[in-house]
Visitor: 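Below: one structure in structure tokens.
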Amino acid sequence: MSQHHVISVLVENKPGVLARIASMFARRGFNIHSLAVGPTAEPEMSRITLVVDGPEMEQIIKQLYKLVHVVKVTEMMPADGVEREVMLLRITADSERRGEILDAAGIFEAKAVDVGVKTITFELSGTPAKLADFLELMRPYGIVDLVKSGRIALTKDAKTRNGRPKLRSA
Amino acid sequence: MSETLTGAQALIRALELEGVDVIFGVPGGAILPAYDPLLDSPMRHVLARHEQGAGHMASGYAHASGRVGVMMATSGPGATNLITPLQDAHMDSIPVVAITGQVATRSIGNDAFQEAHTWGISMPCTKHNYLVTDPNDIPDVVREAFHLAATGRPGPVLVDLPKDILAGTMTWHRAGELSLPGYRPSVKGHPKQVKAAVDLILHSARPVLYAGGGIIRADAADELRRFAEMANTPTVTTLMARGAIPDSHPLAMGMPGMHGNYAAITAMQKSDLLIAVGARFDDRVTGDTTTFAPEARIIHVDVDPAEIGKVRAVDVPIVGDAKAVLAQLIATMQKALGDGAAPERAEWFATLRGWQEEHPLHYHQEPEGPIQQQYVIEELHRLTGGNAIVVAGVGQHQMWASQFWGFERPRTWVNSGGLGTMGYAVPAAIGAKAAMPEETVFAIDGDGCFQMTMQELITAATEGIPVKIAVMNNESLGMVKQWQNLFYDGRLSAVEFGSAAPDYVKLAEAMGCAGLRAEHPDDVTPALEKALAINDRPVVVEFRCDPGAMVFPMVPAGGSNDAIVLSIEDLA
Ligand SMILES: Cc1ncc(C[n+]2csc(CCOP(=O)(O)OP(=O)(O)O)c2C)c(N)n1
């Protein structure tokens, strides 16, 4: 995990902007670990959050900036940002173990969103570490299916980074 | 009163407003609407015989003049034929704009006749590209395309125009304010970095100014020379920068790199400070990067921040336009020097002179032949007084032209450096001549390269663009043959043409050009004199050259610049 870097890319909301970024990564041989795209508060801008591998961060950021529709690139250190992923996880849950599983899920604030005869599907959002922990906890019961969103992130408000008391913990 | 135009009319008007005087192209179905209003425009259209030719013509035009070159093609095969020239321009930072037709918007994605995904195909080989989906966008898109092509690090921009967009109507308006929030190329360097650079330079005992093609692109040759003189730094010019400082200048060291001269390569290797300006530490310059210039600290000036630190870690990075930053360096150095002068560096200059005297570029012309290409190049230089734009293909002839032609001015050397595109010379020469009709444009081409795009001489003859082409006929793909001789035990595979065909004189004549031939060293001068005297049509002069000649010095690919091969004996 330590090799992963999170970069937040503010782009003009133009057709094909995602293709340009993907093409640049392919051409330069950079690896994308995960990717999430979505709107921002300004309708003409979108934000792309990338989790990328490798030691070439400086080149990746510079090459991103060369794309005409890329407006701002921010590399986020884990301590600087609020990072979130969403996971849907379906696990085997026969009637004997259902209670036990729901108790464990409750500790993680995972929500049961679908309950079948032999399975339960949980929705959980949180930091990547929290999702990983939950996954490990559920693994012994038997994972039937799993889907994760790309990571999204925002830098923390400058106030919290300058050592002032945090209003709310991440 | 608002004026209603077709998209095609708007396109032509927008191109006129950009000051375009020549378009190189080939028409076809999807681009047809644009060719109709072109008839009524003062812009000249040069009808190429192949879109690749049109593309290199636009690039030669831009190379020689500094203005944006324009190529035009239809959808599908027309557009795909432009890909090589676009990538070529991308690698060498040449400002060109490609206008391509596209199938109608409702057909896009349906595998319509002559449909290709031009936007996707051209994305990695352009600085930026557009697919226009509303005729009202045309003025803004054209303005942006020319702006992007010409500013910052120049490069190719493609504008793809579906047929219904060209045929549809729009309300004419001039382009509005540019809206490119993500595009803000730096012009001036950071003053603190400039100051740091000057300090390093004044304390350096063995500096080398490493001038790259960016000097030419930025029209910064005057600033480069003044800076070199003030800082008292020997100056090497890469393949893309030949002419950036006059070769006759006492500080000029010629070309470094794979086929550079010994002193230029070794000066970089032994220097304690490399001042790279508009250069990108290309592998053909550095050789093995782990052993490249091990003692040198690095000042790197480039308009493209991504070039800085890409290959070599940098001590003083300066992001900015070469011309502007050199002017800052000059002003800052002036202030630092006051009434004094830069260090004399007598020992360093004596060492460099020693290397130059010990290992000069050399060749030997046997009076009875065969003809050596270096001799042809030197004779041409003597006869023209060096007053010509020289264009080259890719291969041995290109390296000899770069080594043996004394360049005195920028924009007099037009060649394909980054991509190494065979077939570049004939069309690029045509483009250069179209841009600079008063100049003598002489291409030094290989027989292999010539056969890739020679049909454009028909274009030159029909359009009245009297270029001159020297075909260096060594009956082979000489550069590849050299590598097979040196690195594959002389096992020659698919590199020999044989002497049976073609007959270059007949070919030239068939294409509407004058055709000349020199077979013996004594023929060289008269043939060149004759070629220089013919100005009413293009001229092709075939020189029957030594098929066994090799280019030296040579740093084998990936090898260290400490191990320069000076002649074939070094490899024995
Ligand atoms: C389009 C293209 N294809 C292949 C090559 C590889 N290549 C580099 S130099 C060369 C030989 C060029 O032969 P010629 O034009 O006769 O020039 P010479 O080296 O003999 O001077 C070849 C095939 C290339 N550079 N470009």
Side-chain angles (χ1 to χ4, degrees), chain A residues 5 7-32 35-50 52-76 154-155, chain B residues 87 90-91 93 105 108-109 117-134 137 140-141 144-145 147-149 151-160 178-186 280-281 300 302-314 317 319:
Chain A
H5 298 250
I7 38 185
S8 173
V9 188
L10 191 67
V11 298
E12 281 190 83
N13 192 1
K14 299 261 169 128
V17 63
L18 189 59
R20 290 185 197 279
I21 289 180
S23 165
M24 187 280 284
F25 270 73
R27 176 160 87 88
R28 298 272 170 193
F30 304 142
N31 223 350
I32 301 179
L35 182 151
V37 198
T40 65
E42 294 167 72
E44 65 275 20
M45 296 286 170
S46 297
R47 187 181 309 281
I48 299 179
T49 309
L50 293 161
V52 296
D53 288 339
E56 292 166 307
M57 283 314 297
E58 186 183 323
Q59 261 302 305
I60 290 176
I61 291 171
K62 286 174 166 179
Q63 293 295 344
L64 278 167
Y65 266 122
K66 280 178 74 165
L67 300 174
V68 170
H69 290 155
V70 168
V71 177
K72 187 154 178 53
V73 185
T74 319
E75 182 184 3
M76 271 181 276
L154 275 183
T155 47
Chain B
Q87 178 64 10
H90 200 34
M91 295 288 273
S93 308
T105 44
I108 289 180
H117 182 33
T118 303
W119 183 83
I121 297 171
S122 63
M123 187 191 296
C125 45
T126 52
K127 181 172 171 182
H128 194 61
N129 61 3
Y130 295 86
L131 171 64
V132 183
T133 52
D134 180 344
D137 293 344
D140 283 337
V141 167
E144 278 184 25
H147 178 73
L148 290 170
T151 57
R153 181 177 183 168
V157 179
L158 179 137
V159 180
D160 202 24
L178 284 169
S179 164
L180 294 165
Y183 181 73
R184 296 163 301 235
S186 305
R280 58 182 174 89
F281 292 82
H300 194 171
D302 207 290
V303 72
D304 179 357
E307 288 304 340
I308 296 178
K310 184 182 84 176
V311 173
R312 171 77 179 237
V314 169
V319 179

Visitor: Is A/Glu58 in contact with chain B via its backbone, its side chain, both, or neither, using a 4.5 Å heavy-atom distance?
Guide: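 Answer is side chain: those atoms of A/Glu58 sit under 4.5 Å from chain B.
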Visitor: Check for a donor-acceptor pair, side chain of A/Arg47 on one end and backbone N or O of A/Ala36 on the other, with a separation under 3.5 Å.
Guide: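 No, the answer is negative, given that no donor and acceptor are paired below the 3.5 Å cut-off.
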Visitor: What part of A/Val70 is in contact with chain B, defined as an atom under 4.5 angstrom from a non-hydrogen atom: side chain, backbone, both or neither?
Guide: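 Answer is backbone: N, CA, C or O of A/Val70 sit under 4.5 Å from chain B.
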Visitor: Under a 4.5 Å heavy-atom cut-off, does chain A meet the side chain of B/Ile308, its backbone, both or neither?
Guide: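 Both the backbone and the side chain of B/Ile308 come within 4.5 Å of chain A.
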Visitor: Would you please test B/His300 and B/Phe281 for ring pair (Phe, Tyr, Trp, His ring centres under 6.0 Å) and show each step?
Guide: CA-CA 10 Å; B/His300 194 171; B/Phe281 292 82; 5.1 Å; yes
Visitor: At a heavy-atom separation under 4.5 Å, does B/Asn129 approach chain A through its side chain, its backbone, both, or neither?
Guide: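 Contact with chain A: backbone and side chain both.
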Visitor: Regarding B/Glu144 and B/Tyr183, do their side chains bring together a donor and an acceptor under 3.5 Å, going by distance alone?
Guide: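 Result is no, nothing qualifies.
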Visitor: Within the side chain of A/Ser23, is there an N or O that forms a donor-acceptor pair under 3.5 Å with the backbone of B/Pro124?
Guide: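 Between the backbone of B/Pro124 and the side chain of A/Ser23 there is no qualifying donor-acceptor contact (under 3.5 Å).
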Visitor: Quick one: which of A/Arg20, A/Lys72, A/Glu12 has the most heavy-atom pairs under 4.5 Å with chain B, could you say?
Guide: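 Most pairs with chain B among the choices: A/Arg20.
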Visitor: Which answer fits A/Leu67, side chain, backbone, both or neither, if we ask what part of it has an atom under 4.5 Å from a heavy atom of chain B?
Guide: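 Just the backbone, heavy atoms under 4.5 Å.
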Visitor: Can you name the closest pair of heavy atoms from B/Arg280 and B/Met91 and give their distance?
Guide: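 What the structure gives for the nearest pair is NH2-O, 3.8 Å.
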Visitor: Which region of A/Arg27, side chain (C-beta onward) or backbone (N, CA, C, O), has a non-hydrogen atom less than 4.5 Å from a non-hydrogen atom of chain B, or is it both or neither?
Guide: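 The side chain, not the backbone.
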Visitor: So, does B/Lys127 use its side chain to make a donor-acceptor pair with the main chain of B/Arg153 at under 3.5 Å?
Guide: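 Answer holds: yes.
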